[in-house]
Amino acid sequence: MEIKAAILYYCKYQERCHSEVRNKLFELGFNSSEAEEQLAKLIETGVLNEERYAKAYAGGKFRMKQWGREKIRQQLKLRKISDYCIRKAMAEINEEDYENTLIKLTIKKLKEIKRDRSEMSRKSKLYRYLVQKGYEQDLVMKAINDNTKKR
């Protein structure tokens, strides 16, 4: 059985994870065994590669949406990506860029919430925002403390 053109186009358009492709195959009317066979052929030919997907996903979400490692890790787990691929993807995020992005987000959010009267309220809002973006709690606390002292 050869790879169907529709699923080949779907995979080549952008990086996909196995679960996305499996769902698309079912949408296209493949039964379970046919879907698994198509999936195997895509992997065999190198069109589908979960490690490549994880790296592209992590890099994209970090650069475009400024997500932290925790949120990226959580989203990759939701997509049933292996721990090995997740570790490889996390290694792709440059530590210096990561810290600079966290500081940039901290300063930007501080400017937005400077009207709050109490410093405690500002710190609380800032903390919730950064943790929700997926940054580690210890890094968030350090960024908040370092940047609220200066102001």
Lys/Arg N to Asp/Glu carboxylate O, R69 vs E95, below 4.0 Å
yes
Salt bridge or not for R63 and D97, using N-O below 4.0 Å?
no
Please tell me whether I113 and L105 are part of a single hydrophobic cluster in this structure, the criterion being side-chain heavy atoms less than 4.5 Å apart.
yes
Please say whether more than 12 non-hydrogen atoms of neighbouring residues, nucleotides or ligands are located less than 6.0 Å from CD in E92.
yes
If hydrophobic clusters are built from ILVMFWY residues whose side chains come within less than 4.5 Å, do L28 and F26 share one?
no
Check whether more than 12 heavy atoms from other residues, nucleotides or ligands sit under 6.0 Å from atom NZ of K142, and answer yes or no.
no
Set out, in order, the CA-CA distance, both residues' side-chain angles and the distance that settles side chain to side chain contact (heavy atoms under 4.5 Å, CB included) for K109 and L130, then state yes or no.
CA-CA 9 Å; K109 190 67 176 177; L130 293 171; 5.9 Å; no
Can you check whether M120's main-chain N or O pairs, donor with acceptor, with S124's side chain at less than 3.5 Å?
no
Shared hydrophobic cluster, I72 / Y84 (ILVMFWY, side-chain heavy atoms < 4.5 Å):
no
Lys/Arg-Asp/Glu bridge criterion (N-O < 4.0 Å) met for K41, E44:
no
Given 3.5 Å as the limit, does a donor-acceptor pair link the side chain of T45 with the main chain of L42, or not?
yes
With heavy-atom distances below 4.5 Å as the criterion, would you say the side chains of Q38 and E34 are in contact?
no
Report yes or no: does E15 contribute a side-chain atom to a donor-acceptor pair with the main-chain N or O of R52 at less than 3.5 Å?
no
Under 4.0 Å between a Lys/Arg side-chain N and an Asp/Glu carboxylate O for E36 and R22?
yes
What verdict does the side-chain hydrogen bond (donor to acceptor under 3.5 Å, both in side chains) test give for Y53 and R79, after you've listed the backbone C-alpha separation in whole Å, the side-chain angles of each residue and the deciding distance to 0.1 Å?
CA-CA 11 Å; Y53 168 80; R79 287 166 172 75; 3.2 Å; yes
Using modelled atom types and a 3.5 Å cut-off, is there a donor and acceptor pairing between side-chain atoms of Q66 and backbone atoms of T101?
no
Mind checking whether K111 and I107 have side chains closer than 4.5 Å, heavy atoms only?
yes
Measure up the Y57 and W67 rings against each other and bin them: parallel (under 30°), tilted (30 to 60°), perpendicular (over 60°).
perpendicular
Can you tell me if CD on Q14 sees more than 12 non-hydrogen neighbours from other groups inside 6.0 Å?
yes
Within one Ile-Leu-Val-Met-Phe-Trp-Tyr cluster: Y135 and M141, side-chain cutoff 4.5 Å:
yes
Donor-acceptor under 3.5 Å (K133 side chain, K65 main chain)
yes
Test side chain to side chain contact (heavy atoms under 4.5 Å, CB included) applied to V21 and L48, step by step
CA-CA 9 Å; V21 174; L48 195 58; 3.6 Å; yes
Under 3.5 Å donor-acceptor, E20 side chain and C17 backbone
yes
Step by step, work out the side-chain hydrogen bond (donor to acceptor under 3.5 Å, both in side chains) result for Y98 and E136.
CA-CA 11 Å; Y98 190 75; E136 297 85 340; 2.6 Å; yes
